[in-house]
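Quick note: numbers below take in every heavy atom, side chains included, and nothing from hydrogens, waters or symmetry partners. Letters A, B, ... mirror the listed sequences (proteins, then strands); counts begin at 1.
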Amino acid sequence: MVDQAALENDQPLLVATSLSKSFGRIAACRDVSFSLYPGEVLAIVGESGSGKSTLLQLLSGQLAASGGHVSYRMRDGVARDLATLGEAERRFLFRTDWGFVHQDPAQGLRMAVSAGANVGERLMAVGWNHYGRIRDTASDWLTRVEIDVARIDDAPRTYSGGMRQRLQIARNLVTEPRLVFMDEPTGGLDVSVQARLLDLLRSLVAELHLAVIIVTHDLAVARLLSHRVMVMKGGRVIETGLTDQVLDDPREPYTQLLVSSILPP
Amino acid sequence: MNAPAYNFAYLDEQTKRMIRRAILKAIAIPGYQVPFASREMPMPYGWGTGGVQVTAAILGPTDVLKVIDQGSDDTTNAISIRKFFAKTAGVATTTATDDATVIQTRHRIPETALNESQVLVYQVPIPEPLRFLEPRETETRRMHALAEYGLMHVKLYEDIARFGHIATAYAYPVKVNARYVMDPSPTPKFDNPKMDNCPAPQLFGAGREKRIYAIPPYTKVVSLDFEDHPFEPYRFNAPCALCGAEDSYLDEIVTDDKGSRMFVCSDTDYCEGRQAAGHHGSLSAAPYKEKAHG
């Protein structure tokens, strides 16, 4: 008998093929190709303006590519080209099978409505219609991201930066997505809060068998979370490989510069 | 000199045709907000410029017009709109729901059941039910197009989380014909069940926002709710102090500065009709006393 789960894990979840994007004469992203497997964490590192965020937007279908394509294996096992998905399908994907964690929680949260409603919104969007069950699921998720359940009815406006970021993660994970995009999730947080957040992310990723594409300029984040690293410069991927390999033994001069610019602990 | 000659019902024929086209489209897609080229009317926005344009477009010489404002036939807004059409269209006006063929309303649906020969025209301040949840109009239009209405439940969730029950008392969102979520204009939620399967067509006009939408006759209109917190119409738990009605929507009227209050029917025509038929409430003027003094 064939193990269905093992078979699933053998096929890539997301495949990017020679993705490019140019804004007028500026090429933000050139010829990027890679595959992402279920449960794999891929970090995209590079300095500001290297095309990381543009790449993330291309991969998540928020921006149309100038060249190349992205295919995603849907829950039914069929790989589909994102460009051929209708808007309704794409938005549905975004609400169910994907998550997107923004650097600024205000972009990913509804700041004026309570934490419970923030977490419950995705459930209501897929047709949950029982207040008690929505609330139970929301409080369950708040516990999992280490937010005091007593604050379920407070708006994220009243939360600290770290709590907002954790709330944003709960809001994204409540529909049990298979793929989460993260854009500098630890940006703007102080070091101890960052460490807790990374710890939480790491355990959630392992527990839920999430595939993650994380954009960061912080190599420590990449080292702690990711299995593989892609280094970008000027819109190109200049080096890619296992995290330890790239960070401990960088081949490209630019990667060497990047690694050496971290202060030794 | 003669008085200025208005075209029938104030608006010119081309404008009326444009509005009628919008109304037809609105009826064809129940609950969908149809944009239209709203005109300046000789009254300020917020006084029913949308409703007045819809009324002007559908009014014929033999129609009988009734205008109500918060259920009342005698407030400034109701009287001035009634006079406006009496002057510019020369139509007969009435305060009796049964006699009217076109009823323009602000914030209420008459207590008397409507019939197929009548049209109900609503004045709408804010047609977009998602307005205060999602500020971008481009986004709300897309949400309507894709029938993404999870956000509407977020509002109801917030109500329950804060107050323990769905506290939205007016402009309570409804789903029309199992497709579009619609703001029924600021009518109390008491009136929501009257919209469902109503024999009279219901037309909604928003002048400032330049939108017309409609519920055709006998259309399913469902108030949104949760399984464990079902929709409940709200009514003060008291009989009308003037006519004793136990089934009508009540206004609370403060009668002094010591906390006294009375509850009376908000629908004045309904209340007067009942009083004329001999019903009376706790604060009705006793007719025999007046005779004794008379």
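Put simply, of A/Ala112, A/Ser114, A/Ala88, the one with the most heavy-atom pairs under 4.5 Å next to chain B is A/Ser114. Interface summary for chain A: among B/Leu224, B/Leu133, B/Ile160, the most heavy-atom pairs under 4.5 angstrom belong to B/Ile160. Of the listed residues (B/Arg162, B/Met152, B/Arg142, B/Lys155), the greatest number of heavy-atom pairs within a distance under 4.5 Å of chain A belongs to B/Arg142.
Atom CZ of B/Phe231 is surrounded by more than 12 heavy atoms from other residues, nucleotides or ligands within 6.0 Å. Residue B/Arg17 qualifies as open at atom CZ: its count of foreign heavy atoms under 6.0 Å is 12 or below. In A/Glu87, the CD atom is crowded: over 12 heavy atoms of neighbouring residues, nucleotides or ligands sit closer than 6.0 Å. Atom NZ of B/Lys220 has 12 or fewer neighbouring heavy atoms from other residues, nucleotides or ligands inside a 6.0 Å radius. In this structure, A/Gln62 places its CD atom where more than 12 heavy-atom neighbours from other residues, nucleotides or ligands lie under 6.0 Å away. No more than 12 heavy atoms of other residues, nucleotides or ligands sit less than 6.0 Å from atom CG of B/Asn237.
Distance check, rounded to the nearest 0.5 Å: NE2 of B/His153 to CG of A/Leu123 gives 12.5 Å. In this structure, A/Arg135 CZ and B/Asp228 CG are separated by 11.5 Å, a value rounded to the nearest 0.5 Å.
Within the 4.5 Å cutoff, the side chain of A/His130 has no heavy atoms near those of the B/Phe226 side chain.
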B/Glu148 and A/Arg122: CA distance, side-chain angles, deciding distance, salt bridge (charged side-chain N to carboxylate O under 4.0 Å, His left out) verdict: CA-CA 11 Å; B/Glu148 281 180 11; A/Arg122 274 178 167 230; over 6 Å; no

Verdict with supporting geometry, B/Tyr157 and A/Glu121, side chain to side chain contact (heavy atoms under 4.5 Å, CB included): CA-CA 9 Å; B/Tyr157 174 97; A/Glu121 182 178 348; over 6 Å; no

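Only the side chain of A/Ile152 comes within contact range of chain B, with at least one heavy atom under 4.5 Å from a heavy atom of that chain. Proximity to chain B is limited to the side chain of A/Asp153, based on heavy atoms less than 4.5 angstrom apart.
Between B/His229 and A/Tyr131, the ring planes are perpendicular. Angles over 60° get that label, and only those under 30° would be called parallel.
Electrostatic pairing of A/Arg110 and B/Glu158 does not count as a salt bridge here, judged by no charged N lying under 4.0 Å from a carboxylate O.
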